Every structure is written in C-alpha cells, then in structure tokens.
Amino acid sequence: MARPFYVTTPIYYVNDRPHIGHAYSTVAADVVSRYQRLRGKPAYFLTGLDEHGLKIERRAKEEGLAPREFVDRMAAPFRLAWEELGCAHDGFIRTTSSQHRENVQALWKLMAARGDIYLDDYEDWYCVGCESFKTEKELLDGNLCPIHQKPVERIKERSYFFRLSKYTQPLLDYYEAHPGFVRPDARFNEVKSFVKEGLRDLSISRTSFRWGVPVPDDPEHVVYVWLDALMNYVSALGGPAEDGEAPLYDEFWKSSEAIIHIVGKDILRFHTIYWPAFLMSAGIRLPTQIWAHGWLTVNGEKMSKSLGNFLPPGPLVEAVGADVLRYYFMREVGFGQDGDFSHRNLLNRYNGELANGLGNLMNRIVASILKKNLDGRVPKVDLEQLDPTDRQLIDRAKDASAEAARHLEALAFHRALDTIWELVSAANKYVDSTEPWRLAKQDDKTRLAQVCYTVLETLRWLSIMLFPVMPEKCNELRAQLGMPPLLPTEQVDLWPSAWGGLRPGTQTQSATPLFPRFDEAQERSMLERLGVEAPKSEQEKAAAMTETEKLKDEFIEFDDFMKVDLRVALVKEAEKVQKSKKLIRLVVDAGEAEPRQIVAGIAEHYSPQDLIGRRVVIVANLKPRKLMGLESQGMVLAASDESGLCMLGVDKDVEPGSRAK
RNA sequence: GGGCCCAUAGCUCAAUUGGUUAGAGCCCCCGGCUCAUAACCGGGUUGUUCCUGGUUCGAGUCCAGGUGGGCCUACCA
C-alpha cells in the first residue's frame with residue numbers, strides 16, 4: 001500500500017514579485033509530487049506566501065493601502081505564475097489566513113505548555129529609522145544602520161524567548177539518527193557544525209509592529225516572523241489547532257511516508273534547526289528531509305534589481321512554453337548545486353534535445369513512416385517473435401525506467417533526464433539501424449510492423465517517464481500516439497515496467513511537431529523580445545574572430561590609439577563603496593562643466609583620504625557602467641604586479657582635463 | 001581565526017566508492033543515410049585528473065602539505 005507523500009516549497013515573501021528563483025523551487029516540488037502521484041502515492045504539494053512582517057506593513061502604508069489589501073494584490077502574480085508554469089499545488093497557504101493564525105497560536109501554546117517559552121528583556125542595537133533591531137555584524141563602521149546610515153541605539157525590549165539552547169543535544173542526536181535529514185551532505189555538515197557550537201535561546205516575539213500573529217494572552221506582542229512562517233507547513237494541512245478535525249494533517253503529516261521541504265540554501269538554518277526544535281518542543285512529528293537547492297545566476301550574473309536582470313518567469317513561458325522551461329530547470333543544473341540560467345543554453349537544449357532528439361524521433365515514425373505505410377495505426381505484432389535488436393531497445397527502456405525512477409526518488413532530476421535521454425538516443429539509433437524506410441520499399445510488412453511498434457511503445461514509455469517534468473507535452477505526445485491523457489490514480493503505479501501497453505489498431509494522430517525547431521531568425525527575435533542581447537550570426541562571429549585574430553599580431557594605427565581619450569583628472573571626493581571590498585567611489589574634475597563619478601577597484605590598495613587632491617589619469621570616453629549600483633563614468637589607470645597596485649599620475653600639476661597622448 | 005565543500009577535455013559534468021585502456025553531452029572536422037523538424041547515424045581531435053610528496057601490487061579515488069575557488073561561522077578594526 002503506497003503511503004502518503006508531502007512536499008513543500010518555501011513560502012515566498014509577498015513583498016517580491018515572482019522570479020525564476022521562485023519558479024525553480026516550485027517546479028522542483030511540482031515534479032516531485034507529480035512523480036509520486038504517478039507511482040500511486042497520495043501526494044500533497046504545498047506552496048504559498050509569507051505575508052506578515054514590518055516590511056509589508058510599511059510597504060502597504062506607502063501604497064496607501066491596508067496591509068490586507070496590499071497582500072491580496074501582491075498574491076495574485078504568484079498564483080498566476082504557478083498556473084502558467086503548470087505547477088499543480090494542492091494547497092496554497094497564506095500566513096494571513098485565519099486557519100494559519102490559529103495554528104501558530106496553537107503551536108505557541110504547545111511550546112509554552114512544555115515550559116519552553118519565557119519572557120525576558122532583549123537587548124540589542126536598535127535603528128529608529130527601521131524600527132527594528134540590528135545584530136552587531138549587520139552594522140557599518142561606527143555603529144551605523146546599514147540602511148539609514150545613522151547611529152543605532154542600545155535598547156532593551158521585552159520579548160518572549162524560546163529555549164532553543166535546550167535542544168542543542170536533542171537536535172544533534174536527531175541528526176545522528178537521520179543521516180538523510182538534510183541534503184546535500186555538505187549543507188548538512190554546515191548545519192551540524194553550527195549546532196555543535198551551542199545554540200542560544202531565540203527571541204520569538206516583537207512589539208515593534210502589529211502586522212503579524214498576536215501572541216496568545218499577550219496581544220502587545222506579535223509572533224516572530226519565522227516561527228509564524230515555518231508553521232505554514234503544518235497549518236496548511238489543518239494542523240493541531242485544538243478543536244476541529246484535520247484529516248489532511250492526519251494523512252500527510254502524521255502518517256506520511258515522507259515530508260520533504262524544498263528550500264533555498266539561504267534559509268537552511270531556519271528549516272534544519274529552528275523548525276525541528278519548535279516541533280520537538282510541541283511534540284509534533286519532524287519532517288523527514290530538508291532539501292537545499294542552489295541559486296540560479298542569470299547569464300552568468302547574480303540576479304538583482306540593480307543589475308537590471310531580474311527575471312520573471314512569465315515572458316519565458318510565453319516564449320518557449322511552460323514545459324520547456326520546466327525541462328530546462330530540471331536538466332541544466334544538478335539539484336543542490338548552484339547553476340546558471342542562460343537563454344542561449346535554453347535554446348541549445350531545446351533544439352538539441354527536445355526538437356532533434358525526442359521531437360524528431362516522434363515525427364519520423366508517427367508522422368511519416370507509420371502514416372505512409374501502415375495507415376497510421378498501431379500495428380499488430382507478436383511480442384514473442386522479436387528480433388534481438390528489438391529486445392535490446394526494450395532492455396534499454398527497462399533499464400532507463402528503473403534508473404530514472406531511482407534518480408527521481410533522490411531528487412536528482414538532471415540525472416533522471418540524462419538517463420531518459422540515453423533512451424531517446426538509443427531509439428534514434430534503433431531507427432537508423434533497422435531502416436524502416438527500406439523495409440517499406442521492400443514491402444516487408446512484418447518486420448516494419450515490429451520496428452514501428454517497438455518505437456511507438458518506447459515513445460509511450462517516454463510519455464510516462466517525462467510526465468512529471470513535462471505534463472502538457474507528454475499528454476500531447478500521448479494524443480499523437482492515440483493514447484488518453486495520463487491520469488494518476490491513488491494506489492495504481494503507472495510507472496512503465498511491462499512492455500506492450502499499446503493496443504494494435506489504435507489510430508495515431510500526426511499533428512504538428514511536438515517541439516518545432518527554432519531557426520536562427522526566430523531565436524534572434526525571441527531573444528530580442530526577452531530583452532537579451534541577440535547572439536551574433538555566424539558571419540558576424542567570423543568577422544569578429546578575424547578582427548581579434550588580427551589584433552594579436554598586428555600593430556594598431558595611430559588613429560586607433562587616438563580613439564582612447566586619456567585625460568588628467570583631479571580627485572575632489574573619495575569614499576569607500578559600502579558593502580564592497582574593492583570599490584572606491586571617486587568624484588573627479590576632468591576639466592568639464594560637471595564633475596564625473598568614477599568607481600575604481602582600488603580600495604585594497606588606497607584609502608579614500610589619500611586620494612583626495614591627487615591628479616590621476618583617466619579614460620574619459622569609456623562606456624559608462626554600473627558597479628554596485630553606482631554609475632562609473634570612466635576608468636582610472638593603474639599598474640599592478642604581484643607586490644600591489646599603483647595609480648598612474650603626472651609629475652607636475654597640469655590643468656585637470658589635459659589630454660594625455 | 002575555526003570549519004565544510006570543490007578542482008577531471010575548450011564548456012557542462014560522469015567514473016560501479018582503491019582495480020587494469022579516465023568516459024558522456026555540447027562545440028568543431030570528416031563521412032554515411034535520406035523516413036524525419038538543415039533533423040538522424042558513424043568516425044575523428046582534445047587530458048600533467050590543480051601542484052608536491054606519501055600509503056599501496058595498483059591512486060582521479062585514500063593520507064599530508066600547498067595553490068586556487070565557493071560557502072558556513074567567529075572576531076578585529
């Protein structure tokens with residue numbers, strides 16, 4: 001009897017808009033739940049939103065809305081994004097729901113009843129501007145708030161505390177007894193070493209804002225946002241709130257085979273230390289696994305608003321379709337590792353794997369050979385009378401099915417797809433070696449039928465194995481095979497294991513290709529639509545290549561040199577760029593009407609005050625570029641060797657703006 | 001400062017946990033085929049497995065040290 005399976009994403013902070021980072025987590029959880037469902041397990045897939053906290057309270061105010069209205073408005077894009085991506089969650093929890101709030105309070109009471117909550121003074125640095133406490137290490141030099149750049153105050157506040165320290169040893173024991181509790185292993189090591197240092201009691205209430213869950217019996221206090229947020233995994237199922245029944249909670253939490261939280265590596269500590277400790281205290285079962293995946297960069301750069309490469313999933317879905325994006329997410333990066341989202345690789349994988357590999361396999365048999373020679377119907381064959389080549393492919397399919405299942409159980413999505421594509425490739429080889437087009441010409445109907453059937457059945461298997469990742473496309477594929485859509489059913493294992501499921505006589509439908517290839521022009525226009533710099537055409541590439549080749553062994557012309565506008569500039573201001581190791585922001589007089597701002601990576605070698613009043617040499621006509629959000633209008637020349645770096649200067653005080661040549 | 005992880009072909013990654021000749025995909029070149037979406041198939045090129053030393057009959061794999069990169073954590077100013 002297949003036991004229930006529970007998988008969750010983090011609840012996303014509703015202050016943000018959905019981006020591909022959110023999408024990546026959510027797709028992964030969707031793939032897990034779809035796979036488990038296919039195996040006949042009752043599966044529950046939860047995602048949702050974290051809607052409390054000071055930041056939301058403040059944002060709402062700025063927008064002139066009540067917090068409630070604000071979060072309602074911000075929630076919509078998330079729901080839409082998951083729908084567009086084909087993420088079929090069973091639950092969508094919002095921490096502002098009454099069900100959730102009641103359960104947070106219930107959790108609090110359970111922890112209090114255990115004697116794990118006490119009231120005490122909390123003392124730390126406080127920023128009036130932020131209305132919140134700052135830890136020492138957040139502060140800038142001179143005890144300044146990193147946001148307001150104003151001095152913080154030492155303030156005491158009454159706060160409830162959770163006896164986290166008490167759980168140091170129980171947690172370590174639990175880790176010891178459950179070696180797969182945190183994945184990947186390297187992250188588990190981090191967690192263990194953090195706990196081994198010893199845990200301090202945790203402040204779990206705030207009085208500085210109102211937008212949260214009131215502490216039971218002390219409404220002056222609001223429950224700490226993480227205690228509030230983490231409880232979503234339980235409250236979404238009905239949870240242990242005193243009265244009322246919670247059948248979902250009983251099924252998917254209490255008696256579940258597996259409870260898997262998929263999280264980003266940034267929120268690992270909350271899920272692997274605080275959350276289990278809260279649950280131990282409350283006497284609630286712990287999750288079975290916390291899976292920390294890595295971060296996606298975008299075209300090699302960290303995604304951030306200031307770099308202007310904040311990437312929402314919507315336009316991508318519009319451009320390539322949900323399933324293709326899902327495929328790319330799961331295929332491109334090892335789950336648990338950091339990876340890169342690149343438009344170029346997306347298109348390469350699309351053309352190389354989906355279009356040429358799977359799509360073409362489908363097309364060459366169903367839309368062509370079968371249609372032309374066998375009336376487009378699944379032929380009748382004697383499965384006992386097959387050729388060794390056929391058996392080989394069948395064995396490959398069986399191996400692939402078993403191996404892909406193993407990988408999917410372990411959330412090794414990229415491995416699973418790798419395995420499945422070996423089968424796709426084997427099937428294409430099989431078609432080549434059996435040469436069905438020749439069989440057709442020779443009118444060898446028996447053999448032709450065998451070959452076609454073997455490929456068609458392989459395609460049927462693929463339509464199941466790929467279903468968790470590409471549900472829509474797999475059903476399209478099945479429609480072309482004349483098969484009904486896949487309907488996962490509890491207690492029925494649909495994962496392919498028996499050969500011969502396709503019924504002879506079934507009419508196939510050769511519709512449009514599953515994955516039509518993008519030609520170069522289409523790629524360009526798509527990338528333009530997405531706002532990505534279009535890749536160079538082959539000719540341009542060749543031209544660029546020869547040009548750089550030339551540069552290698554040829555002198556430049558004097559005119560080429562004169563293109564570089566070198567000038568002497570006087571440094572008027574200099575300051576270190578906050579949060580940066582290497583950058584100094586300079587304001588220089590280059591003899592122009594307006595002073596220029598230049599950001600230079602010299603902080604490790606010069607201190608700002610030494611620079612003011614100096615004359616330096618700058619490249620004045622360099623294309624401006626943003627560094628750490630600051631525009632740099634030029635570049636300071638410096639020479640470096642292994643002993644360090646020194647700036648170029650002039651040995652007389654020439655007028656700022658003088659040209660160097 | 002303490003700790004964890006990583007380093008393999010131009011790129012992305014494998015290598016049955018110490019086993020013989022280190023493999024795939026992408027890219028590039030050549031050839032074949034022609035059913036198919038300029039698709040498919042075959043062949044070819046590319047390695048100081050980061051470095052130095054050690055253990056062993058045998059090391060990509062284990063140990064020590066080093067270099068480089070990523071991360072967790074403590075602290076200084």
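Because the structure is a prediction, the values reported are computed rather than measured. Just so we're on the same page: letters track the sequence lines, and every chain starts at 1.
- For A/Ala186 and A/Glu332, each mapped to the nucleotide of RNA chain B holding its nearest heavy atom, the one lying further toward the 5' end belongs to A/Ala186.
- Using a 4.0 Å cut-off, some side-chain N or O of A/Lys429 falls inside it from OP1 or OP2 of B/G42.
- Between A/Phe341 atom CZ and B/U12 atom P there is a gap of 18 Å when expressed in whole angstrom units.
- Contact annotation: A/Asn189 reaches the phosphate of B/C5 (side-chain N/O to OP1 or OP2, under 4.0 Å).
- Residue contacts for A/Arg331: at a heavy-atom cut-off of 4.0 Å it reaches no nucleic acid atom on any strand shown.
- The listed nucleotides are B/G3, B/C71, B/C41; the one nearest the side chain of A/Ser193 is B/G3.
- Using atom C1' as the reference point in both B/U17 and B/G60, the two lie 12 Å apart (nearest Å).
- To the nearest angstrom, P of B/G25 lies 17 Å from CG of A/Asn345.
- Atom P of nucleotide B/C5 and atom CZ of A/Phe188 are separated by 14 Å, given to the nearest angstrom.
- Between A/Asp340 atom CG and B/U12 atom C1' there is a gap of 11 Å when expressed in whole angstrom units.
- Centroid-to-centroid, the aromatic rings of A/Tyr328 and A/Tyr350 stay 6.0 Å apart or farther.
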Test side-chain contact (heavy atoms from CB on, under 4.5 Å) on A/Val263 and A/Arg187; report intermediate values, then the result. CA-CA 12 Å; A/Val263 301; A/Arg187 298 281 164 208; over 6 Å; no
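- Rounded to whole Å, the separation between the P atoms of B/G68 and B/G54 comes to 24 Å.
- Separation of the C1' atoms belonging to B/C63 and B/G18 is 13 Å when rounded to the nearest angstrom.
- With rounding to whole Å, A/Glu197 atom CD is found 12 Å from B/C4 atom P.
- Between A/His293 and A/Phe335, the two ring planes are tilted [angle within 30° to 60°].
- Annotation: side chain of A/Asp338 is not in contact with side chain of A/Leu296 (no heavy-atom distance under 4.5 Å).
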Does the protein touch nucleotides 30-38 of chain B at the base, only the backbone, or not at all? Give it as B, S and - per nucleotide, heavy atoms under 4.0 Å. --BSSBBB-
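- Comparing B/U48 with B/C57, their C1' atoms are spaced 24 Å from each other, to the whole Å.
- Using P as the reference atom, B/A36 and B/C50 are 48 Å apart when rounded to the nearest Å.
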Given the rule that a pair is Watson-Crick or G-U wobble with both distances under 3.5 Å, how would you write RNA chain B in dot-bracket, using | for pairs to a different strand? (((((((..((((.....[...)))).(((((.......))))).....(((((..]....))))))))))))....
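- Nucleotide B/G25 holds its P atom 18 Å from the CG atom of A/Asn351, rounded to whole Å.
- Atom CD of A/Glu422 and atom P of B/A14 are 14 Å apart (whole Å).
- Comment: A/Glu409 does not engage A/Arg406 in a salt bridge, judged by the lack of any side-chain N to carboxylate O separation of less than 4.0 angstrom.
- Between B/G19 and B/C62, the two C1' atoms lie 14 Å apart (nearest whole Å).
- Ring geometry for A/Trp226 versus A/His271: interplanar angle over 60°, hence perpendicular rather than tilted (30 to 60°).
- Ion pairing of A/Arg524 with A/Asp519 is absent here, as no side-chain N (NZ or NE/NH1/NH2) approaches a carboxylate O to less than 4.0 Å.
- B/U17 takes the syn form, because its glycosidic angle lies no more than 90° either side of 0.
- If you look at A/Tyr167 and A/Phe162, their ring centroids are closer than 6.0 Å.
- Taking atom P in both B/G10 and B/U46, one finds a spacing of 11 Å when rounded to whole Å.
- Nucleotides B/G2 and B/G66 have their P atoms positioned 11 Å apart, rounded to a whole Å.
- At a cut-off of 3.5 Å, with distance as the only test, no side-chain donor of A/Ser401 or A/Trp461 sits close to an acceptor on the other residue.
- Rounded to whole Å, atom P of B/C5 lies 14 Å from atom CZ of A/Arg183.
- Judged purely by atom type and a 3.5 angstrom limit, A/Lys473 uses its side chain to pair as donor or acceptor with the backbone of A/Leu514.
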Derivation of the side-chain contact (heavy atoms from CB on, under 4.5 Å) call for A/Glu457 and A/Trp499: CA-CA 7 Å; A/Glu457 179 68 1; A/Trp499 194 258; 3.4 Å; yes
